[in-house]
> 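Dropping the structure in here first, questions after.
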Amino acid sequence: MASGDDENYEENSSDFFSDELYSPDSERDLYAVLHINKDADVTTIQQAYRRLTLLYHPDKHTDPRNKQLAMDLFIQVKKAYDVLNDPQKRAIYDVVGMKGLKAEGWEVVSRTKTAREILEEYERLAKEREERRFNQITNPNGSVHMTVNLTDVFDQMNSSDEDSEFSPVIEMTEFTVAQGIDIPLTSQDTANITAVVSTRNGRGTGSFTTSFRRVLADLSWFRIDLNFGHNNLAAFRYFRRLTQKLHANMAATIGLADGGSAIITPGFIFSITYQLSHHLTSSLEWKTGADSFMKGGLHYDNQKLAVSGAVQLGLVNTFGAIDSVYRVPNVCNLRCSLKLFVFGPWIEYGIDRQLTKYTHGSATVAISSRMGVLLRLKFMRGSQAFTFPLQLSTDIIPSAVFYATAAPVLAYFILDRLIIRPFTRSEEEREQKKRENEAREKQTERRREAMNAQEVLRSLVEQIKDREGSQGLIILEARYGQLSSSSPTAHENSIKIIDVTVPLQALVKDSSLKIGTTVSKSNLTGFYDPCIGEEKSLFIKYSFGSQIHTVLYKDVDPIVLPNRGNKSTDLLL
C-alpha cells in the first residue's frame, strides 16, 4: 500500500512478466531433441546433428506419409541445431527458453552477457512488447478522489460534555473525478485527452488537458501539454538518456491569464538522475517560479529494502525527508516516512499489498502538528484509481491515531475472509481447470507426434537390428511411465505406461545407445508424458553379447547402454 496518492506500484510491475517468464515452453526441450546434455560442447552438438539428420532424412522413405513425417522430424532437429550451435541464441535459450528468441531487439545482447543481464534484457523487451500490444487500442484511465471530514466524530468522542447528544457531522469536503484516454497515433506518437471535474467546499471547477508525446530514436522523448479551465497552462517536457547511468528531465511551463490574453507565470524544472552503483541512485532537481526550490536526494534499493533520503530548500517548502519500504515477498510492502518541516515533523506509515490479480490496496496514516491525523485509503484496479483521504482530527489525538491504525487492519481481515479469499479461490480453481485442459490438449498433441515419430522409425528398426546381429545391442522391450521400482515388469498401471521400444532401438549405433540429456524423457522423440505431474521411470530389457539384461532409469538420468555405470541397476536374467 502506498504512502502517497501518486504511488505507481513500480515494485509490482514485473508480476506480469514473471508469469510469462517462468511458464514452460510448449516446444520440446532442444537439448532432448538432439539427445545431448546442457553442457555439451560445439563438437558434440554438431556430431548429434549430423547423426540425427541422417537418421531422419526423408529420402530414406518411399511411402509419401512417412516421407512427410520424416521431414517434420528433420526440421525439428534443424531448428534445435540452429539455436544451440549459435552461442548468442544458446545463451538466451538457456536463460528464458524459446519465448526469449521470439522477442525483438536481441541484437543488443552479446555473448559476454551474464544470465542475470540476459534475464533483465528479456524483461525489458517483454515489457516494451506488452506495452505496444496494450496500446494498439485506445487505453482509458480514470481516477476518483473523495476527501471526507470526520473530525467532528473524534471531537465529540473526546468531549468532556457528557450530557450532549452524540450526533457527529460527516462532510465530504472534496470530490474529484478525472477521466482520460491514451490514443496511439503511430508506434512513436501518442495523444492523450483528460477531463477533470472537481468540487471543493461547495465550489466546482473543471479542466481539460490534451497532450502529445513522441518517443525519439535514441529512447528520449518529449511531450507537449495544453491545459484549459481553472488554470490555463502550456507545458513542454523533455527526457533524455545522456549515458548508460545518467538521465536528464526538463520541463518548461507558461501560465496564461483567463482567456489566454497575457503570459503571467513562466516556470522551469530541470532534474538529473545518476546511478552511482547497482543499488544506489542520486538525483538533483531545480525549479523556478513562485514556489521555486532546489532538491537533492539519494535512493537505495536492493529489491527487499528501499530507502530514500532527500533535502529540499525552497521559498515555500523547506524540509528534509527519509522514506523506507520493506518488501515481504508475496505478502505486502511496509512503508514509513519522516519529513521535518519548519512547522514540525510529519510522520507517515502504512502498508500496501496486492488484493487480487488486478487490484492493489493501500492504507496510510499521516500525522503532523499542522494537519492532525489523516487516514488515506487507495485502491487501484487496472487503470482505475480510487483515493479516499479521511481527515480524522485537526490535532494529534491518541484515539484518532489508534482508529486510523486499527480500523483498516480489522476491515482488511473481514474483507479478506468474506470476499477476497473466496474470490481468489474461485479464480485459482478456474485457472487450474484451464491449465488442466491445456495440459490434456498438449498431451494429446504430444501423443500424436510420438505415434507419428514411431511410425517413421519403425521402418528403420529392422535395418538397425540386422546390422547389430545376434551379438549386438537389441532393445527387446522398453516402457516409460509410472513404473514400480520393486516390480517394473508389472502392467497394473498400463494406462500410464507407453511402449518406447522403437524410438530407443532407432538410436542404437555400433552396439551402443547414448542419450545424454538430463531433462524429462517425455521430451525425447517418440516419447510423451503418459502421467503428467507424477513420477516416471524408464524400464529397458535388452540383449547384448547373447545375454539378456534389464535396467531401470529415473526420468532425468542419462541413458548409456550397455550399462556399466552405478546409477542404475543392471541385472543379469
Side-chain angles (χ1 to χ4, degrees), residues 2-9 135 137-149 171-185 189-215 221-239 249-271 285 287-293 295 314-317 362 364 366 371 374 376-391:
S3 62
D5 292 341
D6 58 348
E7 178 60 47
N8 58 9
Y9 302 99
N135 289 329
I137 58 175
T138 299
N139 176 32
N141 54 80
S143 65
V144 175
H145 182 100
M146 184 172 69
T147 302
V148 180
N149 189 339
E171 297 179 319
M172 182 178 65
T173 58
E174 182 181 0
F175 186 81
T176 302
V177 177
Q179 187 67 41
I181 56 172
D182 292 329
I183 309 173
L185 303 177
D189 302 327
T190 304
N192 174 273
I193 299 175
T194 302
V196 180
V197 177
S198 177
T199 176
R200 183 181 179 87
N201 296 325
R203 182 181 179 184
T205 59
S207 65
F208 176 83
T209 303
T210 180
S211 65
F212 172 81
R213 183 174 184 266
R214 160 162 284 195
V215 179
W221 56 264
F222 71 86
R223 193 178 78 198
I224 300 174
D225 300 324
L226 297 175
N227 181 276
F228 306 95
H230 180 66
N231 292 316
N232 296 319
L233 188 71
F236 175 83
R237 307 176 190 274
Y238 178 72
F239 169 85
N249 207 331
M250 181 191 71
T253 60
I254 300 175
L256 305 177
D258 293 340
S261 58
I263 298 176
I264 55 172
T265 55
F268 179 80
I269 302 175
F270 177 76
S271 64
E285 184 176 359
K287 180 181 179 181
T288 65
D291 55 348
S292 63
F293 64 81
K295 182 179 179 181
L315 299 177
V316 177
N317 279 329
S362 71
T364 304
M371 178 195 62
L374 176 74
R376 185 186 300 109
L377 304 176
K378 185 174 182 179
F379 303 94
M380 295 186 65
R381 180 170 178 83
S383 58
Q384 306 297 314
F386 304 86
T387 308
F388 304 96
L390 308 179
Q391 184 70 51

> Measure the NZ-OG1 distance between K287 and T253 for me, rounded to the nearest 0.5 Å.
7.0 Å
> Any non-hydrogen side-chain atom of D189 less than 4.5 Å from a side-chain atom of F212?
yes
> Mind listing the closest non-hydrogen atom pair of V215 and W221 along with its distance?
CA-CB, 4.0 Å
> Flag the pair T176 / V196 as yes when at least one side-chain heavy-atom distance between them is below 4.5 Å, and no otherwise.
yes
> Between the main-chain N or O of P389 and the side-chain N or O of T147, is there a donor-acceptor pair closer than 3.5 Å?
no
> Distance check, rounded to the nearest 0.5 Å: F270 atom CZ versus M250 atom CE?
8.5 Å
> Return the CG to CZ distance between L185 and R214, rounded to the nearest 0.5 Å.
9.5 Å
> What are the two closest non-hydrogen atoms of S383 and P140, and how far apart are they?
OG-O, 2.7 Å
> Testing I193, V197, L226 one by one against F208 for a side chain to side chain contact (heavy atoms under 4.5 Å, CB included), which residue passes?
I193
> A side-chain contact here means heavy atoms from C-beta on lying under 4.5 Å apart; do F379 and R381 qualify?
no
> Hey, are the side chains of F293 and E285 touching, using non-hydrogen atoms and a 4.5 Å cut-off?
yes
> What distance do N232 atom CG and N227 atom CG have between them, rounded to the nearest 0.5 Å?
7.0 Å
> In terms of side-chain heavy atoms, does T194 have a donor or acceptor partner in N192 at a distance below 3.5 Å?
yes
> Keeping T288 on the side-chain end and F268 on the backbone end, is there a donor-acceptor pair under 3.5 Å?
yes
> Specify the closest pair of heavy atoms between M371 and Q391, including all atoms of both residues, with the distance to one decimal.
O-NE2, 3.1 Å
> So, for P184 and D182, which heavy atoms are closest and what is the spacing to 0.1 Å?
CD-O, 3.5 Å
> Let me confirm one number: the CD-NE2 distance from E174 to H145, rounded to the nearest 0.5 Å.
4.5 Å
> Can you label the angle between the F236 ring and the F222 ring as parallel, tilted or perpendicular, going by 30° and 60°?
parallel
> Any side-chain heavy-atom pair from D225 and R237 closer than 4.5 angstrom?
yes
> Can you tell me how far apart CG (L377) and CZ (F386) are? Round to the nearest 0.5 Å.
13.5 Å
> Checking the side chain of Q179 only, and the main-chain atoms of N141 only, is there a donor and an acceptor separated by less than 3.5 Å?
yes
